[in-house]
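Take a look at the structure set out below.
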Amino acid sequence: MREFEVARFSTLPEAELAAALLQRHGISARLPDRDMATMLPHLHIAIGGIRVVAPEGRITEARDIVQRAREGAFAADVDENSGDWTLEATQGKVGDLDEAEITGVLGPAKKIGAVAIVVMAMFYLLVSCPA
C-alpha cells in the first residue's frame, strides 16, 4: 500500500508524538526520516523537516487529526482552581513548520556560500597554475 505525507515537523519528538497520536487513532503512521534525524540531526531542517507518513486510504483522516492537534483539540483541560498538582499544558501548535522552514531557513545564504566556493576554487586554480 502506498504511503503519503501527513505533515512535517521541526523536531523528532514532535514527529514521534504525531505518529503516536495517529497510531492511537488506528492509523498506521511512521517516520521514514527517523534514522536520519537521529544520526544527523543537523540536517533535518535542510531536507524540510521530519515527515510523518500514513497509508493512502487514511491520509485525509490522518491530516485532519494532525490539524486538530495543531489547533489544540487534544489538549487536557486543566482546572486551575482544583488545587491538584498538574503539569502545565502549553497551548499552541504542534509541529508548526511553515513554508520558509521547509525550503530551508538559510535561503540566500546557501546561494552566497555556493558562489563563494566556486569563486575560491577558480581563484585557487588561477593562482596554482604555472605561468
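No hydrogens, no waters, no symmetry mates; every other heavy atom, side chains included, goes into these values.
- Hydrophobic clustering (ILVMFWY, side-chain heavy atoms < 4.5 Å, transitive): V115 and I117 are in distinct clusters.
- Around CZ of R68, the count of heavy atoms belonging to other residues, nucleotides or ligands within 6.0 Å exceeds 12.
- Using a 4.5 Å cut-off between side-chain heavy atoms of Ile, Leu, Val, Met, Phe, Trp and Tyr, with links allowed through other members, V66 and I27 fall into the same hydrophobic cluster.
- The shortest non-hydrogen separation linking E14 to S10 is OE1-OG, 3.2 Å.
- Clustering ILVMFWY residues whenever any of their side-chain heavy atoms sit less than 4.5 angstrom apart, transitively, puts L21 in the very cluster that holds F9.
- The shortest non-hydrogen separation linking V52 to A18 is CG2-CB, 4.3 Å.
- Between the side chain of Q23 and the backbone N or O of A29, at least one donor-acceptor pair lies under 3.5 Å.
- In terms of heavy atoms, P55 sits closest to S28 at CD-O, 3.2 Å.
- Between the CD atom of E56 and the CZ atom of R2 there is a distance of 4.5 Å, given to the nearest 0.5 Å.
- Just one residue in the list R58, R51, R30 forms a salt bridge (Lys or Arg N to Asp or Glu O under 4.0 Å) with E3, and that residue is R30.
- Side-chain contact between I65 and V6 is absent, with no heavy-atom pair separated by less than 4.5 Å.
- Considering CE of M36 and CG of L12, their distance stands at 9.0 Å, rounded to 0.5 Å.
- A donor-acceptor pair under 3.5 Å is absent between the side-chain atoms of R8 and the main chain of A15, judged by distance alone.
- Contact of the I50 side chain with the R34 side chain is not registered, since no non-hydrogen atoms from C-beta on lie closer than 4.5 Å.
- The shortest heavy-atom contact between E61 and H25 is OE2-O, 4.4 Å.
- In terms of hydrophobic clustering, with Ile, Leu, Val, Met, Phe, Trp and Tyr side chains grouped at heavy-atom distances under 4.5 Å, L22 and F4 are assigned to a common cluster.
- Interatomic distance, OG1 of T38 versus CG of D33, reported as 10.0 Å (0.5 Å rounding).
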